[in-house]
Amino acid sequence: MKLARRVSSIKPSPTLAITSKAKAMKAEGIDVVGFGAGEPDFDTPEHIKAAAKKALDEGYTKYTPVPGTPELKDAVIEKFKRDNGLEYKRENIIVSVGAKHSIYNVGQALFEEGDEIIIPAPYWVSYPDIALLASATPVILETKEEAGFKLTPEQLDQAITPRTKCVVLNSPSNPTGAAYSGEELKRIADVIVRRDITVLSDDIYEKLVYDGFRFESIASFGEEIKKRTIVVNGLSKAYSMTGWRIGYVAADKNLVAAMTNIQSQSTSNPVSFCDKAAIEALNGPKEFMKEWVAEFDRRRRTIVDRLNKISGVSCLLPQGAFYVFPNFSKLYGKKTPSGKVLDGSSSLAAYLLEDHKVASVPGIAFGADDFQRLSYAMSMKNIEKGIGRIEEAVKALH
Ligand SMILES: *Cc1c(COP(=O)(O)O)cnc(C)c1O
């Protein structure tokens, strides 16, 4: 069968690939420490599960409105008001089958051939491919580790051309954990408004911030930036609901209407009983979040301390999400005991996994070959064990 050309322009998600390889090794009985995970290790809170069970028991198992029920949209609107000081109407909201699906729908509704989509690197793996699937051109802008992996307003300004449609911002970031302060966002917003482009703001890690960091959404700096902002958020990371597949967008009503049309011809509504769980998550108690953030924070400090003690490895202390992004480039050029030369993040990841049973995601997947992404969404005990193995692996190089 001859496949469509668009398929050859994209690759399978590399983060899912490494997780599945590590899982396969585990299934064979191999004791792998998996730093690859892109999801919290906590269980979905009971009150949220109970809402879904109740919905099922009450027969809430049929088609629902394509962009989400009015009740769910209202819960999302309340969330934006409460957390971000943003006012939206139902016509500005669409709920989809996870935030990835939300971003995909944005791509299909907004991007087209000839459009340039500015994506700061290190980037979340799906942004370039979602642009490519919409026939647009990803324009990758490298950010510097010294600049905390953050895009500067000057850098953005210089990269904008008459073809620029959109810039993608993700704060806190997957993979670096970097988070933009309100002041930094405001300066970027000024460029976006002055050059009249749109911004896709992926706020999915909003709730996972440390050291008293105050999250702000770029859409909150006035009407001019708000009307150019597509806010993406979802329940996966904040509520540990990755499998439930609920994400949402707040944006200009014309874009939301177009996305709703597209969704009506593909997935239709988000799963009915997950919609009830999402309402409970958004409107319900949130005490558990404080505990989760405190636990992530402890792990974050431990993993960063331990990594920085390994000779040849350096790691910034991230302000958000549950990833660290250590620099391993000083080890490149060295040889493994079996004689392989480490020539970049992929060969390092392969060495760590095959010879030392530690799964990490090579930085090249995020457009930054000097680094590995390690997730600390696992027990402290496993973190200690895994970092111990990385220490051994590095010591064995010559
Ligand atoms: C996990 C993640 C998403 C997608 O989450 P869904 O599970 O699809 O809701 C989107 N953006 C970033 C940066 C992520 O890490």
**Q.** Gln372 vs Ser360, side-chain hydrogen bond (donor to acceptor under 3.5 Å, both in side chains): CA-CA, chis, key distance, verdict
**A.** CA-CA 6 Å; Gln372 296 284 318; Ser360 59; 2.7 Å; yes
Cationic N near anionic O, under 4.0 Å, [X] to [Y]:
X	Y	value
Asp31	Arg389	yes
Arg214	Glu216	yes
Arg187	Glu154	yes
Glu384	Arg306	yes
Asp41	Arg299	yes
Lys21	Glu354	yes
Lys49	Glu46	yes
Asp57	Lys53	no
Asp211	Arg301	yes
Asp157	Arg195	yes
Glu224	Lys227	yes

Would [X] and [Y] show up in the same hydrophobic cluster when neighbours are defined by side-chain heavy atoms closer than 4.5 Å?
X	Y	value
Tyr332	Phe371	no
Val199	Leu255	no
Leu374	Val33	yes
Leu185	Leu86	no
Phe111	Ile118	no

Does a sphere of radius 6.0 Å around [atom1] in [X] hold more than 12 heavy atoms from other residues, nucleotides or ligands, not counting ones at 6.0 Å or beyond?
X	atom1	answer
Glu142	CD	no
Arg194	CZ	yes
Arg6	CZ	no
Lys286	NZ	yes

Quick check: do [X] and [Y] have side-chain heavy atoms less than 4.5 Å from each other?
X	Y	answer
Phe35	Val324	no
Glu116	Val139	yes
Phe42	Phe288	no
Val232	Asp203	no
Leu235	Leu282	yes
Leu353	Val32	yes
Val106	Met259	yes
Tyr248	Val231	no

Atom [atom1] of [X] and atom [atom2] of [Y]: how far apart are they, to the nearest 0.5 Å?
X	Y	atom1	atom2	result
Ile364	Asp369	CD1	CG	4.0 Å
Met241	Thr44	CE	OG1	6.0 Å
Ile383	Met378	CD1	CE	6.0 Å
Ile225	Lys186	CD1	NZ	11.0 Å
Asp43	Ile48	CG	CD1	10.0 Å
His398	Thr336	NE2	OG1	7.5 Å

Q. Closest approach of Ala179 and Gln319, non-hydrogen atoms and distance?
A. O-OE1, 3.4 Å
Q: Taking all non-hydrogen atoms of both residues into account, name the closest pair between Ala365 and Tyr123 and its distance.
A: O-CE1, 3.8 Å
(Q) Working note: Arg228 + Asp252, criterion salt bridge (charged side-chain N to carboxylate O under 4.0 Å, His left out); need CA distance, chi angles, decisive distance, verdict. (A) CA-CA 8 Å; Arg228 291 174 176 82; Asp252 175 81; over 6 Å; no
Donor-acceptor pair, distance only, cut-off 3.5 Å: does the side chain of [X] make one with the backbone of [Y]?
X	Y	result
Glu58	Ala55	no
Glu28	Met25	no
Ser171	Ser173	no
His356	Leu352	no
Asn170	Asn174	yes
Arg373	Pro362	no
Asp115	Glu112	yes

Q: Establish, yes or no, whether a centroid distance under 6.0 Å links the rings of Tyr210 and Phe296.
A: no
Donor-acceptor pair between [X] and [Y] side chains, under 3.5 angstrom:
X	Y	result
Ser96	Gln263	yes
Ser217	Ser220	no
Asn84	Glu206	yes

Q | Audit row: Tyr205, Phe215, ring pair (Phe, Tyr, Trp, His ring centres under 6.0 Å) steps and yes/no | A | CA-CA 9 Å; Tyr205 293 101; Phe215 175 88; over 10 Å; no
Q.
Angle between ring planes, Tyr127 versus Trp124, binned at 30° and 60°: parallel, tilted or perpendicular?
A. perpendicular
Q: Decide salt bridge (charged side-chain N to carboxylate O under 4.0 Å, His left out) for Asp305 and Arg300; before the verdict, give the C-alpha distance in whole Å, the side-chain angles of both, and the deciding distance to 0.1 Å.
A: CA-CA 9 Å; Asp305 277 354; Arg300 174 186 71 124; over 6 Å; no
Show me the donor-acceptor pairs, under 3.5 Å and distance only, between side chains in residues 66-77 and residues at least two apart or in other chains.
unit_1: Thr69; atom_1: OG1; unit_2: Leu72; atom_2: N; d: 3.2
unit_1: Thr69; atom_1: OG1; unit_2: Asp275; atom_2: OD2; d: 3.2
unit_1: Glu71; atom_1: OE1; unit_2: Lys276; atom_2: NZ; d: 3.2
unit_1: Lys73; atom_1: NZ; unit_2: Arg90; atom_2: O; d: 3.0
unit_1: Lys73; atom_1: NZ; unit_2: Ile93; atom_2: O; d: 3.0
unit_1: Asp74; atom_1: OD1; unit_2: Arg90; atom_2: NE; d: 2.9
unit_1: Asp74; atom_1: OD2; unit_2: Arg90; atom_2: NH2; d: 2.7

Q.
Tell me whether Lys226 forms a cation-pi arrangement with Tyr88, defined as NZ or CZ under 6.0 Å from the six-membered ring centre and within 45 degrees of its axis.
A. yes
Q: Assess whether side-chain hydrogen bond (donor to acceptor under 3.5 Å, both in side chains) is satisfied between Asn327 and Glu145, documenting all intermediate values.
A: CA-CA 9 Å; Asn327 190 327; Glu145 188 179 18; 2.9 Å; yes
